[in-house]
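Read the structure below first, then the notes.
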There are 2 protein chains.
Amino acid sequence: MTAISAENPPKSKQKSVRGRPRDTSKNKAIIHSASRLFLEKGFDGTSMDDIAKRAGVSKQTVYSHFACKEVLCSEAISLAVKRYSPDTALENMEEHSLEADLRAVCDKFARLLLGDDSVAMANLLVTSAPKGSEFAKIYWNAGPQAMHGKLKDFLQHWIDQGALSIDDTSKAADLLATLLKGKVHFLRSIGLMDTISEEQIQENVEDTVTIFLKLYGAKI
Amino acid sequence: MTAISAENPPKSKQKSVRGRPRDTSKNKAIIHSASRLFLEKGFDGTSMDDIAKRAGVSKQTVYSHFACKEVLCSEAISLAVKRYSPDTALENMEEHSLEADLRAVCDKFARLLLGDDSVAMANLLVTSAPKGSEFAKIYWNAGPQAMHGKLKDFLQHWIDQGALSIDDTSKAADLLATLLKGKVHFLRSIGLMDTISEEQIQENVEDTVTIFLKLYGAKI
DNA sequence: GGTTATCTGGACTCATAAGTCTAGTAATTG
DNA sequence: CAATTACTAGACTTATGAGTCCAGATAACC
């Protein structure tokens, strides 16, 4: 038995490892297929055999890289969250006007929040919530919490400009996310809305912008 | 094999049934224990043996009353929805003022929406969504859709009074529900908030009332 | 080449759970 | 009473899936 952790020991050159080295490409293949399968079919709905098969790898190899299903799932969640929360969310803002920028931000986040992967992720967390909310914490911190921070920064910018009048920035950012989800996210979660239309997204964005500006737009 | 349906045939006296009659109390016991277990542990997490045991009934009896697990679950969901959506939601309104009544309504619905049973129901639907969104439809029509109607009636009353200025009543009712859920419902769903405090409910209600009145309160 | 460790493929154990079957018992009608 | 249907208790079948084990192949190091 050797260490099972996927991470290498300290960056010093680990030349003196005797046998055949781990195939890191297989490691990635496993996490990737796990990530797709867990999102598609949930924790219970995904078998380790399926993961191995989809990764083009033997089952034993899966277990030699990851101690158990739970560990693999948490790594898969980490990957998925990173994969689908773009760091470039609030960059190349064109600084037109509050309303234009707000609409752009809302549009970006609406697509993120209402998209297939976001809904699948939420459902995965629900189905595996009893087994340990560790998954949920990983997700929450890297996903929604990160987004929350970006939204606060965005709002603060326009508060400083005098275009927004907000007491509690944190609460306002929460409201923005809540409004963008609307009832659509829930409907998708419970399987009553298979696909989301472009119009539906646009409508959510427009409603959100309208409401938000009405609430917090500074009356000049 | 006799009919498996739990409902009696047309109310005509069905005297001429030969053998031992179904024990309706057992039927109820089964649905009730199923309802509790499905909400507690989800569809996959609940076994037919558990249900039988908790109902104090043999497994065969369960199968003689309900064709399969799916059927039993849908009946259990119907029961749970009826059980937890009070028909007396908007009665004995005291007609004080818009704000007081709105607060009362929000308080009532917030407790409903954020309570253990509501969250458990949502999670049950998520976990069994792949298996057939029939469950979700049953729930949606008897639960949120019914509530939506009541909210619209409530809003319409105050529109007629001239105290609210709303174009799209339906959308406003949706907004109310969305605001009341806030992020709390989601947090509870994914297991990051085990219990909900009285303060949390109050805060959601107050925020919702404030926002809603700011948006739709008629400027006299 | 020898050693060590990984990878493969498949057989294997073990547990859980849906649904069936059976033999016996209880309740109701005729 | 006999016939009929419901209920019980438990054994049973079947399927699924997590995790293990093993024999042989492969890839690195010395």
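This one's a predicted model, so the numbers in the text were calculated from it and none came from an experiment. Heavy atoms only: backbone and side chains are in, while hydrogens, waters and symmetry mates are out.
When all heavy atoms of A:Asn27 and A:Phe66 are compared, the pair lying nearest together is OD1-CZ, 3.6 Å. When all heavy atoms of A:Met193 and A:Arg188 are compared, the pair lying nearest together is O-NE, 3.4 Å.
Side-chain atoms of B:Asp49 and B:Ser47 form no donor-acceptor pair, as typed in the model, at a separation below 3.5 Å. Donor-acceptor pairing under 3.5 Å is lacking for the side chains of B:Glu206 and B:Gln202.
Summarising the geometry, the separation between CG on B:Leu37 and P on C:dA17 is reported as 12 Å, rounded to the nearest angstrom. Atoms CE (A:Met48) and P (D:dT16) sit 19 Å apart, rounded to a whole Å. As rounded to whole Å, 9 Å separates atom P of D:dA18 from atom CG of A:Asp44. Between the P atom of D:dA6 and the OH atom of B:Tyr63 lies a distance of 18 Å, rounded to the nearest Å. Atom CZ in A:Phe66 sits about 16 Å away from atom P in D:dT20, given to the nearest Å. In this entry the distance linking CZ of A:Arg22 with P of D:dC29 reads 16 Å, nearest Å. When rounded to the nearest whole Å, the span between NZ of A:Lys26 and P of C:dC7 equals 7 Å. Regarding B:Asp49, its CG atom lies at a distance of 12 Å from the C1' atom of D:dA9, rounded to whole Å.
Residue B:Gly45 is out of contact with every strand shown, counting any heavy-atom pair closer than 4.0 Å. If you check every strand for non-hydrogen atoms under 4.0 Å, A:Lys59 touches a base.
Ring pair B:Phe186/A:Tyr139 is perpendicular by interplanar angle, where above 60° counts as perpendicular and below 30° as parallel.
Here D:dC7 is the nucleotide among D:dT26, D:dC7, C:dT8 with the atom lying nearest to any side-chain atom of B:Arg20. Here the nucleotide nearest the side chain of B:Cys68, chosen from D:dT26, C:dG19, D:dT8, is C:dG19. The B:Gln60 side chain lies nearest to C:dT22 when the options are C:dT28, C:dT8, C:dT22. Considering only the side chain of B:Asp23, D:dC7 comes nearest among C:dT8, D:dC7, C:dC7.
Side-chain nitrogen and oxygen atoms of B:Lys69 include none within less than 4.0 Å of the OP1 or OP2 phosphate oxygen of C:dA17. Phosphate contact (OP1/OP2 of D:dT16, side-chain N/O of A:Ser47, threshold under 4.0 Å): absent. The phosphate of C:dC7 has OP1 or OP2 within less than 4.0 Å of a side-chain N or O from A:His65. Taking only side-chain nitrogens and oxygens, A:Thr61 never comes nearer than 4.0 Å to OP1 or OP2 of C:dT6. For A:Ser64 and C:dC7, the shortest distance from a side-chain N or O to OP1 or OP2 is below 4.0 Å.
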